[in-house]
Amino acid sequence: MSDKKTENNKNEKLVSVFIPKQSRNDTERFIAVNGERILVQTGKTVEIPQRFAEVVKNSEEMASVSAAYIDANISL
């Protein structure tokens with residue numbers, strides 16, 4: 001985590017996140033929180049406001065839960 005503050009919101013910290021690329025052409029990811037939106041570069045560590053980092057974290061957790069559910073319920 002970083003202790004830097006954003007320019008728009010002086011009380012919000014910037015957080016380092018890494019979003020892996022899913023394909024060769026996957027260069028950025030769209031993230032929105034309460035009507036605010038940003039594009040985050042994939043494939044490298046970047047610093048984004050904490051509220052957007054929370055969305056990335058929740059997305060990763062739900063992808064993991066989804067994969068576990070699919071693995072548990074797949075019929076071979």
Side-chain angles (χ1 to χ4, degrees):
M1 277 201 190
S2 171
D3 288 337
K4 295 180 183 177
K5 308 289 183 187
T6 63
E7 293 177 13
N8 295 338
N9 187 346
K10 301 295 181 196
N11 296 327
E12 188 168 13
K13 291 182 181 180
L14 292 178
V15 179
S16 296
V17 297
F18 177 83
I19 301 174
K21 287 187 174 198
Q22 293 180 347
S23 69
R24 173 176 252 185
N25 296 325
D26 182 19
T27 59
E28 51 193 17
R29 194 69 40 87
F30 175 85
I31 301 172
V33 175
N34 295 331
E36 287 187 71
R37 54 201 179 276
I38 61 171
L39 288 174
V40 178
Q41 189 173 7
T42 58
K44 65 188 271 187
T45 302
V46 295
E47 291 187 346
I48 60 175
Q50 190 169 6
R51 64 187 179 278
F52 294 103
E54 186 175 342
V55 171
V56 172
K57 179 181 155 228
N58 290 343
S59 176
E60 290 170 352
E61 289 175 359
M62 289 300 104
S64 177
V65 168
S66 174
Y69 178 82
I70 291 169
D71 288 344
N73 291 295
I74 195 167
S75 59
L76 297 174

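- Enclosure of atom NZ in Lys21 by more than 12 non-hydrogen atoms of other residues, nucleotides or ligands within 6.0 angstrom is indicated.
- Between atom CD1 of residue Ile31 and atom CZ of residue Phe52 there is a gap of 7.5 Å, rounded to the nearest 0.5 Å.
- Atom CD1 of Ile48 sits about 11.5 Å away from atom CG of Leu39, to the nearest 0.5 Å.
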May I have the list of side-chain donor-acceptor pairs in residues 58-72 shorter than 3.5 Å, sequence neighbours left out?
from  : atom 1 : to    : atom 2 : distance (Å)
Asn58 : ND2    : Glu54 : O      : 3.4

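- For the atom pair NZ of Lys13 and CD of Glu47, the computed distance is 12.5 Å after rounding to the nearest 0.5 Å.
- Checked options Asp26, Ile19, Asn25; the residue passing with Gln22 is Asp26 (criterion: side chain to side chain contact (heavy atoms under 4.5 Å, CB included)).
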(Q) Does Val56 form a side-chain contact (heavy atoms from CB on, under 4.5 Å) with Val15? I'd like the steps, not just the answer. (A) CA-CA 11 Å; Val56 172; Val15 179; over 6 Å; no
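- In this structure, Thr45 and Ser16 approach most closely via the heavy-atom pair CG2-CB, 3.9 Å.
- A donor-acceptor pair is defined here as one N or O able to donate and one able to accept, closer than 3.5 Å; such a pair exists between the side chain of Thr42 and the backbone of Thr27.
- Both Val40 and Val33 are members of a single hydrophobic cluster when ILVMFWY side chains are connected at heavy-atom separations under 4.5 Å.
- Between Pro49 and Leu14, the shortest heavy-atom contact is N-CD2, 3.6 Å.
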